[in-house]
Amino acid sequence: MGWGNIYKRRVKVFAVALIIYFDYKALQQREKWANKLKIASLWEKAHERNAKRVLNLIVELEGLWVKLGQYLSTRADVLPEAYTRLLKQLQDSLPPRSLKEVCKTIEKELGKTMDDLFLDFDKVPLATASIAQVHRATLSDGQEVVVKVQHDGIKAVILEDLKNAKSIVDWIAWAEPQYNFHPMIDEWCNESPKELDFNHEAENTRKVSRNLHCNKRCDDSKPANHVDVLIPEIIQSTEKVLILEYMDGVRLNDAESLQALGVDKQKLVEEITRAYAHQIYVDGFFNGDPHPGNFLVSKEPPHRPILLDFGLTKLLSSSLKQALAKMFLAAAEGDHVALLAAFAEMGLKFRLDVPEQAMEVTSVFFRSSTPANEALESMKMLSEQRSKNFKVIQEKMKLNEKEVKRFNPVDAFPSDIVIFGRVLNLLRGLSATMNVRIVYIDIMRPFAESVLQCNLNRGSALNPRWICDTPIHSDVEAKLRQLLVELGNAEKILGIQVCAYKDGEVIIDTAAGVLGKYDPRPVQPDSLFSVFSATKGICAGLVHWLVDNGKLKLEDNIANIWPEFGSNGKDQIKVHHVLNHTSGLHSAMSDINQGDPFLMTDWDECLKRIAMSAPETAPGHEQLYHYLSFGWLCGGIIERASGRRFQELLEEVFVRPLKIDGELYVGIPPGVESRLATLTIDMSDLTKLSNVGNRSDLPSTFQPQQMAQLATTLPAIFNSLYARRAIIPAANCHCSARALARYYAALSEGGKVPPPPNSSMPTLGSHPHIPKFPSQQTVKKQKSQKKTGLDDHGPGQTPSSNSSPQNSSGHDDKGNVYIQIPSDNRCSIDDTSSDNRNIKLFHNPKVHDAFMGVGEYENLTYPNGMFGLGFKRSYSTNEELIGFGHSGIGGSTGLCNIEHKFAMAVTLNKMSFGTVTAKIIHLICSELNIPVPQEISRLVETGSTSQLGIGKPLIN
């Protein structure tokens, strides 16, 4: 049959590959001294002769190489014109097999003679492709059909070609390491053999047809995002023969016929794109081979696309489908956090932190298509972008030019998205071939949004797993879960965590709902929520720790610790004035809200500005909530008094001793994005807040109406990667409720760290604090191996890297490698005890008085003020001081009751301004016979934000 033996095929493939490789390498050298006017001509001639080499080889070998040629023929958006022009011949016009061979296969497969099967059978095939050829025929009952017949002996050829292709990929990875196509070829090796079973293709065709609700007899009732395409009905199938109904249409590459029919090519390609968006995002089952030869256009108006050949399909898991939808929407919105989270969910890992470059590459991936005549400009743009990205990588990794060329920034590439990427590239090539421009962001967006919204069950009415399946620790937790179900069904909760301690033991640890409006993944106990001003309580705790350890005094003038702060009349402001919100700097930095809100992400600049600010009132004269300035004031004090960076001290003083690693951050590190909850707003509560009158206890720049206006912008700002990674010590703590509750449980007992909790899985503290990307040394080590780490460890896994001696490393349950930040011995805590029984965060026996500003500390606070020293005082309905805590705008809260040794925390992502949180706290305290905080009682009784305590709706 002209195949030759296996050895000759392999030699021919490698010979042509080498000839083309060295041809282009030689031209690159010649270009350096050639006449500039002739360079373009030299490249055109090189493309022409090499494209002919590729075409001739493919025509001679057939088999799998035809598939490759068909793919390349569609990439008019990035390939030179010579390649796409010559390789178009492969789409449906290969040399046909003999009629004798075709008839023999049909009769053997169907068990009948040709005369018994057909009234008529066209001798000349409609098309001949890599695996089969198609003939038009008439069945014995008179139905017109097409018969697809597999080439004899093609299976052995395809399997051999896959081996050859894999060998070429291995060679390319060795010669040019930045071009690692192993995930692509591995997926191709897994999926291509399935095309050889036409029973498989028949079932795929039926499934896609059902999913798209499409046939030539469309119903009047159309589902949402209906696509108007046709798919032939399956009549009969065997392993090597497939009989389908005949549909009269013209080829996409038949420009004259399309013009004669008056086909709108723009509308045609848009509908094909919509059909694939539906398959990918809605159905999670799609055709992986959309080259022009697999489409027809019906001759009858309205000239709908006809989809053919479903041999190569891909089934996506529900989680991967959601991750792909999130990736698409993240690229559309420029949301770095959502993009990195989507990458993590699908198993795509990088060897370094490059969120900006990841966004650029993804945006290019979903970019609008360009007509074929703009291919050269498109290639130039992609080349420039690639060079720019590698320059960033070179600077980050400190590589020389030779090393960066051999560096592959991708550490693990999930095989499941290979065919997804291939489909998008083929669609882009299709639009370029048809000379139309497709805006994928606009066309595919409704389908991507639908998959997330359809899976977003806000309450348990439709989702019995709405509450995370974790053990119930107490009767009160069981009642709490009932309340959460009610609030969820009323759409007052999107995602939430509640944790409570009593007498040092966990009595509640519940997570419920979903991570975001467009993130239907369930909230887990270790999910991270933005808690806004609840961060203030942690920031204040650090100041008290420095006082407790003799690094600072509450009566110290801040200017003595922080000389730059003494300007503009601030030389008399003391540490206790800041903690008590009486420094007079209550409106400092408020201009950020009217100017560039992202200025608050610049830690050093904000410290400079707060040091240059001027007070509005004398220190101690008036207590007004320092909604925006508190964090930078405390942060500057903390860093100057300790000589340490804020985040380092936080980790050493609280995170490690409390064993809450990986679940409490002020400024998240790279690598935790997949656990982040996304903020949204309860609009009904926002309306109530905007109707509240002015309050004398708030600055003029932060009255309820200003709060309501500010709240509308908060999700966009604080969902951004810039804000989440920034150090804003009174506004952007990201934590789980169980981490925040454990912090307050320790504070409630004077700093005594509770015993290790019997917490839900994953165990609290099981996440090493700082995720570590694979090191450059690890990458270099992998170069010497025959196979990449991806081959050795499988998709989605990362080989272990040796950590340096001064670092302690570990692995999480997903195979990620993490590393601890080394610390010096200054201000250190003895955290060697395995059960925490000997650890105390504070040694001052009157530290509770210090927190609340009572007893000997009362003279440091404003008389009858709401705040103690850094914490909001909590009173019972009988006006008795019972504890302290702090809340953030939106409702996230941490608090404790000293007498009852009770502490709890609530974290949520639907900002309800305290109404939801109040109901939760009221229920728990009532069930435990613990005094209900006064402001909580009032809020539950009135059901209005008008009586809301100062901490509840506030943000720094």
Side-chain angles (χ1 to χ4, degrees), residues 473 497 499-509 525-526 534-535 537-551 638 642 644 647-666 733 735-760 762-769 808 820-821 823 825-852 870-871 883-886 894-905:
H473 297 77
Q497 298 168 323
C499 184
Y501 279 73
K502 182 74 170 68
D503 299 319
E505 300 290 335
V506 174
I507 60 169
I508 296 172
D509 188 6
D526 63 339
T535 317
I538 298 166
C539 192
L542 284 176
V543 175
H544 282 285
W545 186 87
L546 290 171
V547 173
D548 193 66
N549 282 267
K551 301 290 182 179
I638 290 166
S642 68
R644 307 284 300 281
Q647 291 171 314
E648 292 177 0
L649 194 67
L650 172 63
E651 182 184 357
E652 180 180 325
V653 171
F654 292 148
V655 173
R656 289 207 299 267
L658 289 169
K659 309 291 186 186
I660 54 176
D661 301 69
E663 295 195 28
L664 191 147
Y665 299 98
V666 176
C733 176
C735 63
S736 63
R738 62 185 187 176
L740 187 58
R742 187 166 174 80
Y743 170 71
Y744 275 99
L747 297 191
S748 70
E749 296 200 51
K752 180 182 177 182
V753 175
N758 182 21
S759 58
S760 306
T763 306
L764 179 61
S766 61
H767 291 285
H769 200 58
S808 59
Q820 293 282 7
I821 290 181
S823 61
N825 293 321
R826 290 176 298 169
C827 305
S828 62
I829 287 181
D830 176 18
D831 59 355
T832 58
S833 172
S834 60
D835 62 3
N836 291 24
R837 292 176 185 171
N838 298 323
I839 300 178
K840 287 201 69 175
L841 303 180
F842 300 95
H843 302 287
N844 178 7
K846 297 182 178 181
V847 72
H848 286 151
D849 290 352
F851 293 156
M852 295 184 291
F871 297 90
F884 56 90
H886 217 298
L895 59 86
C896 64
N897 181 300
I898 300 170
E899 180 182 352
H900 290 269
K901 296 182 179 179
F902 169 75
M904 69 170 292

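Owing to the predicted nature of the structure, the values given are computational and were not obtained by experimental measurement.
In this structure, Glu651 contributes its side chain and Arg656 its backbone to no donor-acceptor pair below 3.5 Å. Checked by atom type and distance alone, the side chain of His848 pairs as donor or acceptor with a backbone atom of Ser748 at under 3.5 Å. The backbone N or O of Ala737 sits less than 3.5 Å from a side-chain atom of Gln497, completing a donor-acceptor pair. The backbone N or O of His769 sits less than 3.5 Å from a side-chain atom of Tyr665, completing a donor-acceptor pair. Under the 3.5 Å distance criterion, the side-chain polar atoms of Tyr743 are matched with a main-chain donor or acceptor of Gly537. With Asn897 contributing its side chain and Gly883 its backbone, the two residues share no donor-acceptor pair below 3.5 Å.
The closest side-chain heavy-atom distance from Ile538 to Leu740 is below 4.5 Å. Between Cys896 and Tyr501, every side-chain heavy-atom pair lies at or beyond the 4.5 Å cut-off. Pro756 is not listed as a side-chain neighbour of Lys659, based on a closest heavy-atom distance of 4.5 Å or more. No side-chain heavy atom of Lys502 sits less than 4.5 Å from a side-chain heavy atom of Ile508.
When all heavy atoms of Ser736 and Pro525 are compared, the pair lying nearest together is CB-O, 3.4 Å. Looking at every heavy atom in both residues, Asp548 comes nearest to Phe842 through OD2-CA, 3.4 Å. Summarising the geometry of Pro657 relative to Val753, their closest heavy-atom pair is O-CG1, 3.7 Å, with the distance given to 0.1 Å. A pairwise comparison of heavy atoms in Leu542 and Leu649 identifies CD2-O, 4.3 Å as the closest pair. Contact detail for Arg738 and Asp509: the closest heavy-atom pair is CD-OD2, 3.9 Å. In plain terms, the two heavy atoms of Ala500 and Met904 that are nearest each other are CB-CB, 3.8 Å.
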Are Leu764 and Leu658 close enough, and set up right, to give a side chain to side chain contact (heavy atoms under 4.5 Å, CB included), and what steps lead you there?
CA-CA 10 Å; Leu764 179 61; Leu658 289 169; over 6 Å; no
Evaluate the side chain to side chain contact (heavy atoms under 4.5 Å, CB included) criterion for residues Cys539 and Ile638: first the C-alpha distance (whole Å), next the side-chain angles of each, then the deciding distance (0.1 Å), finally the verdict.
CA-CA 9 Å; Cys539 192; Ile638 290 166; 4.1 Å; yes
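A distance of 11.5 Å separates CG in Leu747 from CG in Leu895, rounded to the nearest 0.5 Å. In this structure, the separation between CD1 on Ile898 and NZ on Lys901 is 12.0 Å, given to the nearest 0.5 Å.
Taking the six-membered ring for Trp and thresholds of 30 and 60 degrees, Tyr744 and Phe871 have ring planes more than 60 degrees apart, a perpendicular arrangement.
Look at Glu663 and Arg742 and you find no salt bridge, because none of the NZ, NE, NH1 or NH2 atoms lies under 4.0 Å from a carboxylate O.
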